[in-house]
Amino acid sequence: MAHAKAGASLPVPNVQALAQTWHGSGEPVPVRYVRTEEIGAGEVVAGCAIPVVDLSRLLDPRSSEVELANLGSACQHWGFFQLINHGVPDEVIQDVKRDMMEFFKLPLEAKKVHAQVPGGLEGYGQAFVFSETQKLDWADMIYLMISPKESRDLRFWPTRPPSFRDSVDRYSAETAKVTACLLRFMAADLGVEQERLLEAFRGQPQSMRTTYYPPCRQAADVLGLSPHTDATGLALLLHVNDVQGLQIRRDGKWHAVDPLDGAFVVSVGDILEILSNGRYRSIEHRAVVHPDKERISAAMFHQPCPNTMVGPLPELVNRDSGGARYRSMDYMDFMKNFFASKLDGRRSHMDAMRIY
Ligand code: OGA
Ligand code: NI
């Protein structure tokens with residue numbers, strides 16, 4: 001996800017409300033949500049141990065070198081890792097988790113005060129609905145521009161619970177610090193100047209998607225979030241209520257991710273893949289739902305500023321024998337391609353960037 005003007009969604013039913021009435025009905029799940037074949041394609045591998053990166057070990061001169069190699073390997077071979085000892089105070093995390101859970105407990109009318117408006121992406125609703133016939137995800141979400149502060153549209157920011165805005169504000173500041181730290185270490189791993197990646201994320205724009213996946217008694221027939229790569233730099237995923245559902249695609253199979261308590265699941269986005277000239281990988285992932293537990297997750301996305309040119313770092317292109325593997329493009333044009341390609345192929349926005 002990225003800047004709100006690049007693409008908008010068609011209105012569809014609220015899934016939390018639908019799930020509540022449907023659950024006791026004895027009816028099969030509405031056909032627009034049925035994706036049995038798509039989900040069943042290929043087996044799902046349970047308990048995927050994605051690499052663990054320890055931020056305190058990166059910061060400690062005695063272990064930094066070894067941990068940096070670990071970070072680099074995770075970004076190159078997995079495109080995903082879990083970050084532990086990240087230094088975000090527990091209180092900040094507990095507050096934001098509590099407030100997100102409270103928000104989704106509100107009556108539908110209270111949540112709808114912050115509903116998406118036609119032509120926009122921000123607010124409470126559903127993402128990526130571009131046709132009246134496409135299959136739908138079993139989830140609702142609230143998407144907010146968070147940073148810089150001028151980008152905030154407070155119409156979409158919940159006022160209930162009353163602490164919501166302050167909790168998100170503190171969480172945003174902490175995750176921005178963690179991200180700046182990671183981008184410096186990634187630059188070191190790539191062998192470029194320390195601030196080089198951060199420059200592409202000048203002012204560190206952030207947006208956040210909090211997703212609510214209602215339970216579904218036909219969980220094997222629905223998808224919570226369709227397969228996608230993150231069209232952003234870096235995403236920090238927080239498991240708000242400790243129910244798992246994330247799956248990543250590796251060697252043609254889906255692997256269920258089971259993160260450690262308190263870890264952030266970090267996803268390398270498309271923009272980092274491009275900046276690193278393909279050394280880092282942005283990989284496909286999706287979310288499934290639980291038969292009787294709700295699930296809430298929050299992804300904090302870190303993306304370039306709207307008018308930044310994104311392309312492989314020249315230092316890396318000069319070093320790589322094959323030259324540039326991606327075109328350079330204005331970030332807004334990249335996002336336009338991303339939305340345009342949503343219906344016809346999951347990676348086609350990246351295919352348009354690739355030089356063969
Ligand atoms: C996302 C995402 C996964 C999840 O919001 O981009 O991948 O587990 N979320 O909710
Ligand atoms: Ni994602």
Side-chain angles (χ1 to χ4, degrees), residues 2 50-88 147-148 172-206 229-237 264-283 300-305 307-331 334 350 353:
I50 58 171
V52 179
V53 173
D54 185 334
L55 188 54
S56 69
R57 280 175 52 82
L58 277 172
L59 292 165
D60 182 341
R62 287 166 302 178
S63 45
S64 195
E65 205 176 315
V66 175
E67 202 59 21
L68 188 62
N70 180 32
L71 171 71
S73 153
C75 295
Q76 284 178 45
H77 303 301
W78 288 77
F80 259 91
F81 58 89
Q82 41 186 333
L83 187 70
I84 60 166
N85 294 323
H86 43 62
V88 176
S147 268
S172 143
E174 292 292 339
T175 45
K177 274 195 264 176
V178 170
T179 299
C181 224
L182 285 175
L183 289 171
R184 288 197 181 96
F185 284 116
M186 287 173 179
D189 171 64
L190 291 168
V192 297
E193 203 262 311
Q194 206 189 28
E195 300 299 307
R196 199 66 179 87
L197 289 176
L198 264 172
E199 277 167 21
F201 302 90
R202 218 171 347 109
Q204 283 196 267
Q206 284 179 315
T229 59
D230 292 333
T232 181
L234 204 63
L236 262 55
L237 186 73
F264 288 126
V265 173
V266 181
S267 138
V268 169
D270 299 336
I271 302 298
L272 268 183
E273 176 175 318
I274 295 167
L275 289 170
S276 72
N277 201 28
R279 210 163 303 184
Y280 287 0
R281 288 171 58 199
S282 164
I283 70 161
M300 186 66 91
F301 299 110
H302 298 84
Q303 63 249 352
C305 313
N307 297 311
T308 307
M309 283 301 279
V310 288
L313 295 179
E315 304 88 304
L316 295 179
V317 172
N318 291 338
R319 209 183 299 156
D320 291 343
S321 53
R325 300 203 178 100
Y326 303 84
R327 274 170 243 289
S328 296
M329 197 184 273
D330 183 280
Y331 180 59
F334 173 84
M350 285 297 274
M353 293 297 286

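Computation of the quantities below employed the complete heavy-atom set of this structure, encompassing side-chain atoms and omitting hydrogens, waters and symmetry-equivalent molecules.
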Check: N307 and D330 side chains under 4.5 Å, non-hydrogen atoms:
yes

Pairs satisfying salt bridge (charged side-chain N to carboxylate O under 4.0 Å, His left out), at least one member in residues 178-192, at least two apart:
R184-E195

Say whether Q204 and T179, considering side chains only, have a donor N or O and an acceptor N or O under 3.5 Å apart.
no

Candidate pair N70 and F81, rule side chain to side chain contact (heavy atoms under 4.5 Å, CB included), full reasoning:
CA-CA 10 Å; N70 180 32; F81 58 89; over 6 Å; no

Sequence neighbours excluded, every pair satisfying salt bridge (charged side-chain N to carboxylate O under 4.0 Å, His left out) that has a member inside residues 72-83
none

Shortest non-hydrogen contact between V317 and G323, atoms and distance
CG1-C, 3.8 Å

For a quick test of reading the model, state the closest non-hydrogen atom pair linking R319 to G191 and the distance between them.
NH2-O, 3.0 Å

Quick check: closest heavy atoms across V310 and P304, and the distance to 0.1 Å?
CG1-CG, 3.9 Å

Roughly how far, to the nearest 0.5 Å, is the CZ atom of R57 from the CG atom of L71?
12.5 Å

Do the side chains of F185 and E67 get nearer than 4.5 Å, heavy atoms only?
no

Test salt bridge (charged side-chain N to carboxylate O under 4.0 Å, His left out) applied to E315 - qualifying residues, sequence neighbours left out
R196

The reported gap from CE in M300 to CD in E174 (rounded to nearest 0.5 angstrom) is 11.0 Å

Testing L237, T232, L234 for side chain to side chain contact (heavy atoms under 4.5 Å, CB included) with F301, which one passes?
T232

CD1 of I283 to CG of D230, rounded to nearest 0.5 Å, is 10.0 Å

Applied to residues 73-87, the side chain to side chain donor-acceptor pair (under 3.5 Å) test, sequence neighbours excluded, yields D54-N85

How many angstroms lie between OG in S282 and CE in M350, if you round to the nearest 0.5 Å?
5.5 Å

Apply the test side chain to side chain contact (heavy atoms under 4.5 Å, CB included) to residues L275 and L190: give CA-CA distance (whole Å), side-chain angles for both, the deciding distance (0.1 Å), then the verdict.
CA-CA 10 Å; L275 289 170; L190 291 168; over 6 Å; no

Check against side chain to side chain contact (heavy atoms under 4.5 Å, CB included), L58 and L68
CA-CA 6 Å; L58 277 172; L68 188 62; 4.2 Å; yes

All pairs passing salt bridge (charged side-chain N to carboxylate O under 4.0 Å, His left out) where residues 74-84 contributes a residue, at least two apart:
none

Validation row: V266, V178 side chains within 4.5 angstrom (heavy atoms):
no

Would you sort out whether F334 and M309 count as a side chain to side chain contact (heavy atoms under 4.5 Å, CB included), showing the intermediate values?
CA-CA 9 Å; F334 173 84; M309 283 301 279; over 6 Å; no

To the nearest 0.5 Å, what is the distance between CD on Q303 and OH on Y331?
4.5 Å

Looking at every heavy atom in both R325 and D320, which two are closest together, and how far apart are they?
NH1-OD2, 3.9 Å

Contacts of R202 that satisfy salt bridge (charged side-chain N to carboxylate O under 4.0 Å, His left out) - sequence neighbours left out
none

Would the number of heavy atoms belonging to other residues, nucleotides or ligands and lying under 6.0 Å from CD of E65 be above 12?
no

Can you give me the closest heavy-atom contact between C181 and L55, atom names plus distance?
SG-CD1, 4.2 Å

Can you tell me how far CG of L197 sits from NE2 of H302, rounded to the nearest 0.5 angstrom?
13.5 Å

Nearest heavy-atom neighbours spanning L183 and F201
CD1-CD1, 3.8 Å

